[in-house]
Participant: 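Here you go, one structure.
Everything numeric in this text was worked out from a predicted model, so none of it was measured.
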Amino acid sequence: MSEFDLGKFEDEAHEQWIHAFESNPSNLEKFYLTVAYPYPSGAMHVGHGRTYIVPDVIARFWRMKGRQVLYPMAFHVTGAPVIGISKRIANKDEKTIRLYRDLYKVPQNVLDEFVDPLTIVRHFAGEYQRVMTACGLSIDWRRRFTTVDPTYSKFIEWQWKHLYEAGHVIKGVHPVRYCTVDENPVGDHDLLEGDKAEVVKFTLVMFRFGDAFIPTATLRPETIHGVTNLWANPTVVYVKALVDGKAWIVSKEAAEKLALQDHTVEIKEEINGKDLIDKKVSHPLCGEITILPAEFVDPDMASGLVMSVPAHAPFDYIALRDLQQAGKYKEIKPIPLIKVEGYGEIPAQFAVEKAGIANQMDSRMDALTQEIYSAEFSKGKLFEKYGGKPVRVARDDVAALMVEKYDSAIMYEFDVRPVVCRCGNRVRVKILHDQWFLKYSDPIWKQQVSDHLGNMALVPPEVRAEFDRTVGWLKDWACTRRVGLGTRFPWDTTQLIEPLSDSTIYMAYYTIAHKIRDIDSKLLTPEVFDYIFLGKKSDDLPEKKKLDVMRNEFLYWYPYNYRFSAKDLISNHLTFQIFHHVSIFPKDKLPAGMVVFGMGLLNGAKMSSSKGNVFLLEDAVAEFGADTVRMFLMGSAEPWQDFDWRNELVISTKKQIERFYSTIMELRNASGEPHDIDKWLVSRLQSHIERTTDALNNFQTRQALQEAWFGIETDLKWYRRRLPENCEGSHELHTLCSVWTRLLSPFIPFTGEHLWKELAGEGLVSFAPWPVADKKLVSPRIELSEELLSRTVEDIESIMKLIQITPKAITIALAPEWKHEIFRTIAQSADRTTVIKEIMKDDRMKKRGKEATDAARQCTTLIHRLPPQVVTPLALEPVNEHAVFEAAQAFLEHEFGVPVHITDAEKGVHVKAATALPFKPAIIIE
RNA sequence: GCGAGAAUAUCUAAGUGGUCAACAGAGGCGGACUCAAGAUCCGUUCGCGCAGGCGUUCGCAGGUUCGACUCCUGCUUCUCGCACCA
């Protein structure tokens, strides 16, 4: 007999699986599932493991159910991250090198090559395939591709041609985070600081100052009527600059920013902040006012100069109050212009005084400012003399008016600062021209997506709300980039197609990925793809025969049945791909379903490569075995729940597999004659088959394992206990071994293959038929009898534990027929509260008096306590309790080591016998 | 702040109106086996109880109901997303 050796099982299986999962169109019904392909910039950890093992278990399940299953894999290598990584490695950045050398264990000679970004993704793509294979993923690797393959680029170009023709691709202007040193837009992952910063749109209110303008930046242009002064910082150096030909006075920083935002800026002279103080400026909407000094004015905030509305801005109010308390500018009074319920005449004053704020350094100032802004925006109304409009309306009206008539401009700025690039430089807002967008805001397109989403199977169903919301909320998506790897944008080849936008319909590409390689990418015109995917015929298509083969592959496999992905992709990728599908493919080729996963934790903390809190998948497989890793990941939580990897739990999973293995090895040769209890075991097995199948149909890997593993194991324990002494199991057990091995093999395929051979199964277990429950083998009566017996055994045990005497004999007293009658009447009645009265109308019961009412009351309680699957059959037909216990007498005597008597409760053996009820005999221990 | 979910015993976690002191697993404790360890098996794991029982529990506070872990309202805490990017 061979030892339990996962490593050996793995070697054996790999040898047999080499080309086993390559999948071609056939006569069988297909099942096509895909999972979001990885961006291979580092090594796989156990969290990735689950992402790809869940679909594998499902793939293996459907394969055994007789479907032609396709599970393909590719690598997403477009985008910017590896560019940054290779730069950092070239710059000998310690942190990056440590991550790759020590955590990901990249050999030095390979690491040296990483200065070229493509080698990084190529290296890890190879690693991914190796580790995925080690995990036993049943992938058709012939279809592997990367998103920079020339043929793939042609496919993307074809897709974009359609999107463009459908009017979904539009050109626009877009403010981005921009690093002036790198001369590139900056993504989230390239920020040292300020990753939460948002770009906000300020209105520059232009105050006339001699021959120049002083622009002040504000989010609240409607408050212009309440401006009492400007604020300038006396310690800051300002500049006079020609902006688009007009003289502006702004901070030095602001001049730089404006140059990035569609303005020509020519600096003429420097002006010290203190020279501006007490100077007069004017604006048509508020007249002449004075520039006052304030230290809180930040030269790096927008224009570096602000207008002061002390009636409505707490900062302005306090700054003015401070100056006035020092005896200056006493003549300036706050000018209220907005009425807002609950904030008195002058909201800023009201709020500051209510909060008891002493000076501008108070930490509550920001919160207070926010509070007043929100209150005024949601409930405030301008005074009648200023138009009387609600603030939310007036704000946009005034802004538009100012731009139109009073020389105002727009300036973009971050709401949180500083924002710092990884290179150490400050990030600015730059307006990009020639920016292309996917018009996800298009209501017609949205509607098509919503309509189709309604037809899709979403797992778990709760995610539907989030999808619906995402579709409603999506705005236009900037879909071109200036840096990174990827396909050139057809209408502006200096730009690249953005990485999320080139990954929306690649599931269709898998169907032809292994064939299209044979065709020179130069021949891959849009007409070629039109033919393959849409069936549009056109003249002189190249390589027509090959195209027909691909057309057939596509028609066979598409649409995919299920797409798997982690839940964080709902708000982008998973929704994008529906947009693109509905735009390009006909209705019968639109995706059928999606399964959304939870996230992974490691020892209770979030997994994160950068924090070093990861456990590499390869190490896990080497340490515990692939089957152990698979079974643990599938069994610890359902796919959509978050899971937690803990080594000690994984170890016990390994023991379970070992126990399963040795049980099968032990049982497979049993050859005894069948006993009654075999019928019970076989009957129970059918329901385990059914429940495991149901669970996997619903992607519930945990539920399936509970049934297929613990469910069967528990029954087997009872079976062995019930087996007569000196009896080995019957040959029925061989069937059980075969069924059990097949039920578990999607989870533990390596052990499965090995055992399948030991059981002399035909071919590979990976392709063996999935067990089907046989209704003929289900016998509810036997299960019910066994239930009665096991409940009685439990009762005896619990009594024995309590009374702590050494028993000499046990008597089981069975309830008389009239109690069964009462039980049935109650169990069948709709209203269990009044049924007692009905029963007592019967003369036979009346004669028994209190004894009968007591029995009725006890039966009611009992019926409530028993599970419905017990009560329902009992209501129709009682169990022959005599027969059950007499057949089990030897078993009971063996269990308890004393003589067991079975008798009728009414034979007067003991007072306790009176407590006997149907399905709950009285127990007398002496 | 906005949107989507979640909260159950030591931990993971099942449970959508009476099958519930609450499936299952892990861990702990006790025992059997053993020279010993591991593995395996058995028992126990809210409190009380020398007869199969009783009491108090499922984030917090209320409510609906004959009856609530399950339904409703409010609160608290946690996770995910909120975009120019994998």
Side-chain angles (χ1 to χ4, degrees), chain A residues 36-41 76 78-82 174-177 185-190 196 198-199 370 374 432 435 437-438 440 460 462-470 472-481 484 498-501 503 566-573 576 596 598-599 601 604 606 635-638 640-644 646 648-653 655-656 658-659 662 702-703 705-707 709-711 713-714 717 720-721 791-792 794-805 832-833 863-871 912 915 920-925:
Chain A
Y37 51 19
Y39 183 81
S41 64
H76 189 212
T78 39
V82 281
H174 185 56
V176 293
R177 293 185 296 228
V186 188
D188 261 348
H189 49 268
D190 281 324
K196 284 276 165 264
E198 277 182 54
V199 174
Q370 192 55 48
S374 305
L432 288 186
Q435 176 64 55
F437 293 87
L438 279 163
Y440 292 144
E462 299 88 71
V463 299
R464 185 172 294 278
E466 213 174 330
F467 272 106
D468 287 341
R469 199 198 129 266
T470 301
W473 162 86
L474 272 178
K475 297 177 213 137
D476 295 343
W477 176 263
C479 60
T480 54
R481 293 289 174 277
E498 178 275 331
L500 284 186
S501 306
S503 302
K567 66 179 170 191
D568 53 348
L569 296 188
I570 292 177
S571 65
N572 48 53
H573 166 74
F576 290 2
V596 176
M599 316 293 280
L601 303 175
K606 202 170 167 177
S636 63
E638 298 295 5
W640 39 90
Q641 296 171 322
D642 296 348
F643 77 96
D644 192 4
R646 287 177 194 268
E648 65 272 19
L649 300 187
V650 180
I651 291 167
S652 72
T653 304
K655 288 178 196 163
Q656 284 167 16
E658 194 165 351
R659 211 153 68 225
S662 54
R702 181 180 189 273
Q703 179 67 29
L705 266 176
Q706 291 269 337
E707 275 301 326
W709 166 250
F710 298 107
E713 197 199 30
T714 306
K717 270 185 198 165
R720 286 165 146 171
R721 195 169 161 192
R791 278 172 181 267
T792 308
E794 274 170 37
D795 277 355
I796 296 174
E797 282 173 340
S798 82
I799 296 168
M800 299 237 287
K801 214 175 294 154
L802 275 170
I803 59 174
Q804 295 182 347
I805 57 166
R832 285 170 187 169
T833 47
I863 284 168
H864 272 186
R865 289 200 176 167
L866 290 171
Q869 62 267 30
V870 168
V871 174
K912 284 198 192 301
T915 62
K920 196 168 176 64
I923 295 159
I924 301 129
I925 300 173

Participant: Encode nucleotides 19-25 of chain B as B, S and - characters from 5' to 3', where the letter depends on protein heavy atoms closer than 4.0 Å: B to the base, S only to sugar-phosphate, - to neither.
Facilitator: B----BS
Participant: Closest to the A:I923 side chain: B:C80, B:A83, B:G52?
Facilitator: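 The answer is B:G52.
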Participant: Which nucleotide, B:C84, B:A86, B:A83, lies nearest any side-chain atom of A:H174?
Facilitator: B:C84
Participant: Regarding A:A637, tell me which of base, sugar-phosphate or nothing describes its non-hydrogen contacts under 4.0 Å with the strands shown.
Facilitator: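 It contacts nothing in the nucleic acid.
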Participant: Quick check on RNA chain B: between A:W473 and A:P499, whose nearest nucleotide comes earlier from the 5' end?
Facilitator: A:W473
Participant: To the side chain of A:S798, which of B:U79, B:A86, B:G52 is closest?
Facilitator: B:G52
Participant: Starting from C1' on B:C80, measure out to CZ on A:F467 and report it in whole angstrom.
Facilitator: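 Atom-to-atom, A:F467 to B:C80, this comes out as 13 Å.
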Participant: For A:I570, answer base if it contacts any base atom (sugar-phosphate contacts may also be present), sugar-phosphate if it contacts only those atoms, and nothing otherwise; contact means non-hydrogen atoms under 4.0 Å.
Facilitator: nothing
Participant: Restricting to ring pair (Phe, Tyr, Trp, His ring centres under 6.0 Å), what partner residues turn up for A:F467, sequence neighbours left out?
Facilitator: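 Not a single residue meets the ring pair (Phe, Tyr, Trp, His ring centres under 6.0 Å) criterion with A:F467.
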Participant: Does B:U12 have OP1 or OP2 sitting under 4.0 Å from an N or O in the side chain of A:R646?
Facilitator: no
Participant: For a quick check of understanding: with a heavy-atom distance under 4.0 Å over all strands, which category does A:L474 fall into, base, sugar-phosphate or nothing?
Facilitator: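 Here A:L474 touches the bases of the nucleic acid.
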Participant: Return one dot-bracket line describing RNA chain B 5' to 3' (Watson-Crick or G-U wobble pairs, both distances under 3.5 Å; ( ) same strand, [ ] crossing, | another strand, . none).
Facilitator: ((((((((.[[[..)..(.....]]]((((((.......))))))(((....)))...[[[[[..)....]]]]])))))))....
Participant: Under 4.0 Å, heavy atoms only, any strand: does A:P175 hit a base, just the sugar-phosphate, or nothing?
Facilitator: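 A:P175: no heavy atom of the nucleic acid under 4.0 Å.
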Participant: Given B:A4, B:C84, B:A51, which nucleotide is nearest the side-chain atoms of A:A478?
Facilitator: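 The nucleotide sitting nearest to the side chain is B:C84.
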Participant: What integer distance in Å separates A:E797:CD from B:G53:P?
Facilitator: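 Rounded to whole Å, this separation is 15 Å.
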Participant: So, is A:K655 near the phosphate of B:A39, with a side-chain N or O under 4.0 Å from OP1 or OP2?
Facilitator: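 Yes.
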Participant: Write down the distance between NZ (A:K567) and C1' (B:A6), rounded to a whole number of angstrom.
Facilitator: 9 Å
Participant: Mind calculating the distance between CG (A:L705) and P (B:A26) to the nearest angstrom?
Facilitator: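 Taking atom P of B:A26 as the reference, CG of A:L705 is at 13 Å.
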Participant: Going by the angle between their ring planes, with limits at 30° and 60°, are A:H76 and A:Y39 parallel, tilted or perpendicular?
Facilitator: perpendicular
Participant: Under the side chain to side chain contact (heavy atoms under 4.5 Å, CB included) rule, what do A:F710 and A:Q656 come out as? Steps first, then yes or no, please.
Facilitator: CA-CA 10 Å; A:F710 298 107; A:Q656 284 167 16; 3.6 Å; yes
Participant: Which is it for A:S636 and A:L649 under the side chain to side chain contact (heavy atoms under 4.5 Å, CB included) test, yes or no, and what are the steps along the way?
Facilitator: CA-CA 9 Å; A:S636 63; A:L649 300 187; over 6 Å; no
Participant: With a 4.5 Å heavy-atom cut-off, do A:V463 and A:K567 have their side chains touching?
Facilitator: no
Participant: Measuring from the side chain of A:I925 (C-beta onward, heavy atoms only), which nucleotide among B:C84, B:A51, B:G52 has the closest atom?
Facilitator: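 The listed nucleotide nearest to A:I925's side chain is B:A51.
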Participant: What integer distance in Å separates A:E498:CD from B:A83:P?
Facilitator: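 About 14 Å, once rounded to whole Å.
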Participant: Would you check, one step at a time, whether the test side chain to side chain donor-acceptor pair (under 3.5 Å) holds for A:W640 with A:E462?
Facilitator: CA-CA 10 Å; A:W640 39 90; A:E462 299 88 71; 5.4 Å; no
Participant: Kindly point out which of B:A4, B:G52, B:C82 is positioned nearest to the side chain of A:A465?
Facilitator: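 Looking only at heavy atoms from C-beta outward on A:A465, the closest nucleotide is B:A4.
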Participant: Base, sugar-phosphate or nothing for A:K475? Non-hydrogen atoms, less than 4.0 Å.
Facilitator: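 Since a base atom lies under 4.0 Å of A:K475, the category is base.
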Participant: Please give, in whole Å, the distance from B:A83 P to A:R481 CZ?
Facilitator: 13 Å
Participant: Could you tell me whether A:Q641 contacts a base, only the sugar-phosphate backbone, or nothing, with contacts defined as non-hydrogen atoms closer than 4.0 Å?
Facilitator: sugar-phosphate
Participant: Taking CG from A:N572 and P from B:G81, how many angstroms apart are they, rounded to a whole number?
Facilitator: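 Taking CG of A:N572 and P of B:G81, I get 10 Å after rounding.
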Participant: Side chain to side chain donor-acceptor pair (under 3.5 Å) with A:K920: which of A:T915, A:D795, A:T792?
Facilitator: A:D795
Participant: In sequence, state the C-alpha distance, the side-chain angles, and the governing distance for A:K717 and A:R721, and then conclude on side chain to side chain contact (heavy atoms under 4.5 Å, CB included).
Facilitator: CA-CA 6 Å; A:K717 270 185 198 165; A:R721 195 169 161 192; over 6 Å; no
Participant: Rounded to the nearest Å, what distance is computed from the CG atom of residue A:D642 to the C1' atom of nucleotide B:U12?
Facilitator: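 Computing the A:D642:CG to B:U12:C1' distance gives 13 Å.
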Participant: With a 3.5 Å distance limit and no angle check, can you tell me whether A:E498 reaches the backbone of A:R481 through a side-chain donor-acceptor pair?
Facilitator: no
